[in-house]
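Inspection log for the structure reproduced underneath, given as structure tokens.
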Number of protein chains: 2
Amino acid sequence: MSRRATIADVARLAGVHPGTVSRALNSRTEGQVNPETIRRVRAAARQLGYTPNSIARGLRTSSSMTIGVIVPDLTNPIFPPIVRGIESYLTPRGYSALVVNTDGSDETERLVFQSLIQRQVDGLIFATGHQGHSTATEAFELDVKAVMVNRESGSVPYPAAVGDDAQGIRASLAHLAQLGHQRIVHLAGPTGFSTSQVRREAFVAGCAALGLDGTVVETAAYTVDAGQRSMERVISGGELPTAVVAGNDLLALGVYHALRGNALRCPEDVSVVGFNDMPFAGDFEPAMTTVRVPHFDLGVEAARLLCEEIETSVITAIKVVLPVELVIRASTGPVR
Amino acid sequence: MSRRATIADVARLAGVHPGTVSRALNSRTEGQVNPETIRRVRAAARQLGYTPNSIARGLRTSSSMTIGVIVPDLTNPIFPPIVRGIESYLTPRGYSALVVNTDGSDETERLVFQSLIQRQVDGLIFATGHQGHSTATEAFELDVKAVMVNRESGSVPYPAAVGDDAQGIRASLAHLAQLGHQRIVHLAGPTGFSTSQVRREAFVAGCAALGLDGTVVETAAYTVDAGQRSMERVISGGELPTAVVAGNDLLALGVYHALRGNALRCPEDVSVVGFNDMPFAGDFEPAMTTVRVPHFDLGVEAARLLCEEIETSVITAIKVVLPVELVIRASTGPVR
DNA sequence: CTGAAAGCGCTAACAT
DNA sequence: ATGTTAGCGCTTTCAG
């Protein structure tokens, strides 16, 4: 990469002072400079192929115009839409999103957090909230502006953009009750996540309200394997439920696998409801009944909350809850 | 965010010159400084919670330690694994990956390219290669170091990490021939992408070699909808093939939809082979026979090629081709 | 082994 | 409306 033109080169060619070039090229300050001069500066800049060096600008203005986004694993299909939503808000405002993965490890998260801080990010979006979230605590103590997305913080009063988990579970339960289901198992996501807790509590409350025989079964992680293992325990435990409300779609997929492995059919033997409506959930075998969470919009809202926090410099512990919608497909049917 | 400690603060506390702090804290130069001094500097740094400002360092060293990654759409399930592969190579080497989306628009790509250049990225990884790829041409002319991943460049001699597309198609054809299929349609991806072209040529050559009756049908994009539309044309066109080799899994999913919409069964009426083995391809209805492409490893190789280019400053127009593997599942069966 | 000094490219007071 | 000056935080010669 050959040496690139600087503001000094442009100034020389346009016959003005570097400071003037800076003012002429910045939309906020171009009002302070003669239109004719602006024209000359622009021409010189174009001729030299000048591109502002945002590193130098960032050093001077102490704002990098980049936002760190911390996700557990980009490969989990709910995160790409969230990230795209974040970018769709940030990009038009001149920010870039620096996305990093933690693989669910607090240790890794601390490392990537450090690297984001070194890069002088203007703010952080955590998709990794959980109880005892030490990185969020550290960020909070360092006065780093941040928000949570999808999951709420388990440890600090950062704003959050989340889906209406409780409503999603209530809708699932109502749907199952209407189909005649009575004995229902909830495969609860791992403890420590706000999503797991809210969904679990909504399940218990919902069963009580509808007079259903609900049982909560733990899972070790939000993964297909964990869902399969937990469901296999349910199956071998005797009394089969007629329906399963899974903590998310991955767990529901694990339920599919366990059912198939035990020559049980879905929905004929057991109905299954997922959560998230991850991409292609409608193409699974059987097409999955699940709760659609507006992940893209969650990303947009999180970015908006963060930008407001950055601009106003006040940490408003607001929570934005977006509505969810039960999508009924082929994995649920009448009890028989 | 309160004012953070700088190297000057550390120097003052440790009673040394800022230059010495810099040397003491940098692994490449710490050999030049007294161990006892290093200890004192480290203690002072820890006490102040000092974090190096990589923006300032980048300005001084004119290297940002960030790599731009340009993808069409993170929401397309083949890209997250590629991105993770890239990061897995870059992160341990101190680089960060700045991922941006183009949504397949050259205009958007030029914009994000500009923003990456302003951010002084040390190199670029394009997952967007195609014929007349103007952004790659621009990058090349600006002497920007870059590599291609998944698709080769249609316009400039940048190195590329790609899967063995031709081999994948040959394996698919051999599998279908063995099941007795004769009349086979290839749903070719849109022209202009190296993947489309290589797969299409391999299909034609493979059919000739195996004595199969192969027909190529165009698609407008690598999407489910485009696959469905093209397959519907095939179905309404009369003579139904006994098997379809789709340009990728999304197109194959579109074939599923078209078949279902016309009360045709897969694989009983038509066998279908996809390409990529995208996540959850085994959970579709029916479980998809497809060619597994090692996307994560493609990302690793691309990052490696780029780092070599950055370090040696020579653009070696190398191509790394990774092996692929046919994964046989339930969407292909004997002809009947 | 350490200090001194310069400067990466830019912006923002201040002065004119 | 434009020029002048200083300096963001760091690394890297050059001296000593």
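Every chain is numbered from 1, with letters handed out A, B, ... down the list of sequences.
Taking all atoms of both residues into account, the shortest heavy-atom contact from A:F126 to A:I70 is CE2-CD1, 3.5 Å. In plain terms, the two heavy atoms of A:L298 and A:A161 that are nearest each other are O-CB, 3.6 Å.
In this structure, OG1 on A:T20 lies 11.0 Å from CG on A:L25, to the nearest 0.5 angstrom. The CG atom of A:L116 lies 10.5 Å from the OG1 atom of A:T135; values are rounded to the nearest 0.5 Å. Distance check, rounded to the nearest 0.5 Å: CZ of B:F296 to CD of B:E87 gives 9.0 Å.
A:T29 comes within 4.0 angstrom of nothing in the nucleic acid, heavy atoms only. A:T61 comes within 4.0 angstrom of sugar-phosphate atoms only, judged by non-hydrogen atoms across all strands, and of no base.
In the set D:dA6, D:dT2, D:dG9, D:dA6 carries the atom at the smallest distance from any side-chain atom of A:R60.
Judged by distance alone, the side chains of B:T51 and B:R4 never bring a donor and an acceptor atom under 3.5 Å apart. Side-chain contact annotation: A:T66 with A:R119, donor-acceptor N/O pair under 3.5 Å absent.
Within the 4.0 Å cut-off from OP1 or OP2 of D:dG9, not a single side-chain nitrogen or oxygen of B:T6 is found. Taking 4.0 angstrom as the limit, A:T37 places a side-chain polar atom (N or O) nearer than this to OP1 or OP2 of D:dT2.
Rounded to whole angstrom, the span from the CD1 atom of B:I7 across to the P atom of D:dG9 amounts to 11 Å. The CG-P distance, from B:N26 to D:dG9, rounds to 19 Å in whole Å. Summarising the geometry, the separation between CG on A:N34 and C1' on D:dG3 is reported as 15 Å, rounded to the nearest angstrom. In this structure, the CG atom of B:L25 is 16 Å from the P atom of D:dG9, given to the nearest Å. When the C1' atom of D:dT2 is taken as reference, atom CD1 of A:I38 falls 12 Å away, rounded to whole Å. Rounded to an integer number of Å, the gap from A:R40 CZ to D:dA1 P is 14 Å. As a whole-Å value, the separation of B:E30 CD from D:dT11 P is 13 Å.
Protein chain A contacts DNA chain C over a range whose 5' and 3' limits, counting nucleotides with an atom under 4.0 angstrom from a non-hydrogen atom, are C:dG9 to C:dA13.
A cation-pi contact links B:R151 to B:F193, judged by a cut-off of 6.0 Å to the six-membered ring centre and 45° from its axis.
In terms of position on DNA chain C, the residue among A:S22 and B:A56 whose nearest nucleotide sits closer to the 5' end is B:A56. Residues B:N53 and B:R23 each lie close to DNA chain D; by heavy-atom proximity, the contact nearer the 5' end of the strand is made by B:N53.
If you check residues 41-52 of chain B against DNA chain D, the residues with a heavy atom closer than 4.0 Å are B:Y50, B:P52, listed by number.
Across B:V314, B:I318, B:V147, a single residue satisfies side chain to side chain contact (heavy atoms under 4.5 Å, CB included) together with B:E309, and that is B:V147.
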